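I have a structure I would like to understand better, so I am pasting it below and will then ask my questions one at a time.
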Number of protein chains: 2
Amino acid sequence: MDHMDEPSPWLDTEQQELWQDLLTVVIALPAALDRQLQRDAGISNFEYSVLARLSMAHQSTMRFSELARDCDSTLPRLSKLMDRFEAREWTARRIDPRDGRYTLATLTDSGRQKVVDSAPGHVAQVRRLVFEPLTAVQRRHLGAALSSVAETVRREAGDSTGRPR
Amino acid sequence: MDHMDEPSPWLDTEQQELWQDLLTVVIALPAALDRQLQRDAGISNFEYSVLARLSMAHQSTMRFSELARDCDSTLPRLSKLMDRFEAREWTARRIDPRDGRYTLATLTDSGRQKVVDSAPGHVAQVRRLVFEPLTAVQRRHLGAALSSVAETVRREAGDSTGRPR
DNA sequence: AGATATTTCTTGCCCAGGCAAGTAATATGG
DNA sequence: CCATATTACTTGCCTGGGCAAGAAATATCT
């Protein structure tokens with residue numbers, strides 16, 4: 001329950017603090033983002049990220065598999081989300097004429113409008129929670145460390161979400 | 001979708017990269033932890049954190065509200081989890097004799113055994129994903145930056161999870 | 001070409017978790 | 001000391017998401 005002085009069975013005190021803070025960020029940050037978006041725009045952070053990613057794609061169109069990968073989603077999850085989006089007419093679905101296995105998602109005008117409307121509030125929340133509490137130097141350091149961890153985690157997730165990347 | 005050169009409506013390129021990496025960590029890290037724990041111990045990260053927190057408490061006993069706060073959980077969520085834990089006989093529930101509104105959760109011996117058994121694999125995963133990809137200096141920087149963000153996020157979440165802290 | 005394998009998306013079933021309403025215990029105010 | 005308010009937890013209902021199995025299209029192999 002406490003420790004042992006063997007090769008690596010536990011974390012030291014400094015590591016435990018880092019770990020606790022990371023857990024808090026990893027749990028409470030998405031919750032905070034969801035609350036803001038839900039309150040101001042009626043969508044979740046995941047839903048926002050899908051709309052936003054589509055809005056940046058060429059012709060506002062992407063294959064499901066690519067979109068799922070970029071948004072750290074699984075295909076079933078995305079497929080069901082697109083059902084809801086289609087019901088709201090924020091996106092449209094059509095089979096890829098070049099390869100009938102692929103399905104293409106396209107953002108509609110009202111879908112794009114939804115992104116435009118909800119982006120400012122979301123970005124402000126991100127600024128408030130992540131960037132404002134840090135100094136410029138801390139941001140660079142955080143960026144460097146996060147890119148290493150993100151790469152490792154992505155590799156780990158690659159097997160489940162869909163391929164190396 | 002692109003940018004505007006006003007006060008603060010968007011993030012610059014460096015910030016966007018940091019933000020993208022943070023999103024990946026925030027989404028894929030819990031998923032990776034869940035996979036390992038689910039595979040090797042049959043429990044989720046949240047379930048592990050509750051057992052682990054209880055195991056560190058005085059007399060292996062805590063009030064529900066306190067436990068929920070420490071594990072970044074809501075009361076309904078914890079209440080239902082404790083139902084499942086009781087069914088497995090990992091915890092026991094009893095009303096606080098000092099104040100009948102509180103409920104006390106106590107870790108049983110087999111509950112403690114579960115923590116002891118699953119801890120090494122979990123800790124190894126944390127090491128692999130978070131600490132190993134970083135240099136010692138990066139860890140300190142990451143720790144410093146995370147503590148600021150964690151504090152901000154906690155304050156934000158305080159209103160929903162249960163008071164200032 | 002035909003059979004089989006692979007890739008991409010969809011569907012069905014199940015469970016965890018959020019929210020709001022309900023319950024039980026204690027505190028507060030008249 | 002009774003009525004009302006507050007605190008701590010529980011329950012019911014509903015939705016999102018995971019996983020495994022299925023369907024449709026294309027690629028591969030002989």
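Keep in mind that what you see is a predicted model, and the values were worked out from it rather than measured. Each chain gets a letter, A, B and so on, in the order the sequences are listed, and its residues count up from 1.
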**OP:** Ignoring backbone atoms, establish whether B:Thr74 has a side-chain N or O less than 4.0 Å from OP1 or OP2 of C:dG18.
**Re:**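 Looking at the OP1 and OP2 atoms of C:dG18, one of them is under 4.0 Å from a side-chain N or O of B:Thr74.
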Subject >> Partners passing side chain to side chain contact (heavy atoms under 4.5 Å, CB included) against A:Ala150 (at least two apart in sequence or in another chain) >> reply: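 In terms of side chain to side chain contact (heavy atoms under 4.5 Å, CB included), with neighbours along the sequence ignored, A:Ala150 is linked to A:Arg154, B:Asp21, B:Thr24, B:Val25.
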Subject >> Distance below 4.0 Å between B:Arg77 side-chain N/O and C:dC19 OP1 or OP2 >> reply: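 Checking C:dC19 against B:Arg77, no side-chain N or O comes under 4.0 Å of OP1 or OP2.
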Original post:
What pairs of residues pass the salt bridge (charged side-chain N to carboxylate O under 4.0 Å, His left out) test when at least one of them lies in residues 141-153 of chain A, not counting sequence neighbours?
Top reply: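 Non-adjacent pairs meeting salt bridge (charged side-chain N to carboxylate O under 4.0 Å, His left out): A:Glu151-A:Arg155.
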Subject >> B:Ile95 CD1 - C:dA25 C1' separation (whole Å) >> reply: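 Rounding to the nearest Å, CD1 of B:Ile95 and C1' of C:dA25 are 9 Å apart.
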Subject >> Residue pairs, two or more places apart or on separate chains, that pass salt bridge (charged side-chain N to carboxylate O under 4.0 Å, His left out) and touch residues 132-150 of chain B >> reply: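 Passing the test, one end in residues 132-150 of chain B: no pairs.
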Original post:
Over how many whole Å does the gap from B:Gln38 atom CD to C:dA16 atom C1' extend?
Top reply: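 Distance, rounded to whole Å: 11 Å.
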Subject >> For DNA chain C, the residues among residues 80-92 of chain B that have a non-hydrogen atom under 4.0 Å from it >> reply: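 Under 4.0 Å from DNA chain C: B:Lys80, B:Arg84.
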Original post:
For A:Phe64 and C:dT10, what is the distance between atoms CZ and C1' respectively, to the nearest whole Å?
Top reply: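 Distance, rounded to whole Å: 10 Å.
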Original post:
Can you tell me if A:Arg39 and A:Gln36 form a side-chain donor-acceptor pair at under 3.5 Å?
Top reply: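 Result is no, nothing qualifies.
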Original post:
Sequence neighbours excluded, which residues qualify as side chain to side chain contact (heavy atoms under 4.5 Å, CB included) partners of B:Gln113?
Top reply: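 If we apply the side chain to side chain contact (heavy atoms under 4.5 Å, CB included) test to B:Gln113, skipping adjacent residues, the hits are B:Val116, B:Asp117.
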Original post:
Tell me: CZ of A:Arg101 to C1' of C:dT6, nearest whole Å?
Top reply: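 Rounding to the nearest Å, CZ of A:Arg101 and C1' of C:dT6 are 7 Å apart.
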Original post:
Toward the 5' end of DNA chain C, which comes first, B:Pro76 or A:Tyr102, by nearest nucleotide?
Top reply: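 Whichever sits nearer the 5' end wins; that is A:Tyr102.
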Original post:
Does anything in residues 51-63 of chain B pair up under salt bridge (charged side-chain N to carboxylate O under 4.0 Å, His left out), and if so which pairs, sequence neighbours excluded?
Top reply: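 Of all non-adjacent pairs touching residues 51-63 of chain B, those that pass salt bridge (charged side-chain N to carboxylate O under 4.0 Å, His left out) are B:Arg53-B:Asp70, B:Arg63-B:Asp96.
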**OP:** Please state how far atom CZ in B:Arg98 lies from atom P in C:dA24, giving the value in whole angstrom units.
**Re:**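 In whole Å, C:dA24 P and B:Arg98 CZ are 25 Å from each other.
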Original post:
With sequence neighbours excluded, what pairs up with B:Arg84 under the side chain to side chain contact (heavy atoms under 4.5 Å, CB included) test?
Top reply: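 Expected list: B:Glu47, B:Lys80, B:Leu81.
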Subject >> Separation of C:dA25 P from B:Leu104 CG (nearest whole Å) >> reply: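 It works out to 15 Å between those atoms.
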**OP:** Sort and list the pairs that fulfil ring-ring contact (aromatic ring centres under 6.0 Å, His included) and have at least one residue in residues 78-102 of chain A, not counting sequence neighbours.
**Re:**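 Every ring-ring contact (aromatic ring centres under 6.0 Å, His included) pair that includes a residue of residues 78-102 of chain A, provided the two are not neighbours, is A:Phe85-A:Trp90.
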Original post:
Do we see a donor-acceptor contact under 3.5 Å between the side chains of A:Ser60 and A:Arg112?
Top reply: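 Note: A:Ser60 and A:Arg112 side chains meet the donor-acceptor criterion.
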**OP:** Under the salt bridge (charged side-chain N to carboxylate O under 4.0 Å, His left out) rule, collect the residues that match up with B:Arg101, sequence neighbours excluded.
**Re:**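 Here the qualifying residues are B:Asp99.
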Subject >> Contact residues, residues 40-50 of chain B to DNA chain D [heavy atom, < 4.0 Å] >> reply: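 Listed by number, there are none.
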Subject >> ring-ring contact (aromatic ring centres under 6.0 Å, His included) partners of residues 114-150 of chain B, not counting sequence neighbours, each pair once >> reply: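 Output for this query lists A:His141-B:His141, B:Tyr48-B:His122.
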Subject >> Boundaries of the DNA chain D segment in contact with chain A, non-hydrogen, under 4.0 Å >> reply: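 Span of nucleotides near chain A: D:dG16 to D:dA27.
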Original post:
When the distance from CZ of A:Arg69 to P of C:dT8 is rounded to whole Å, what number comes out?
Top reply: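 Nearest whole value for this atom pair: 11 Å.
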Original post:
For DNA chain C, whose closest nucleotide is more 5', that of B:Pro97 or that of A:Leu78?
Top reply: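 The residue mapped nearer the 5' terminus is A:Leu78.
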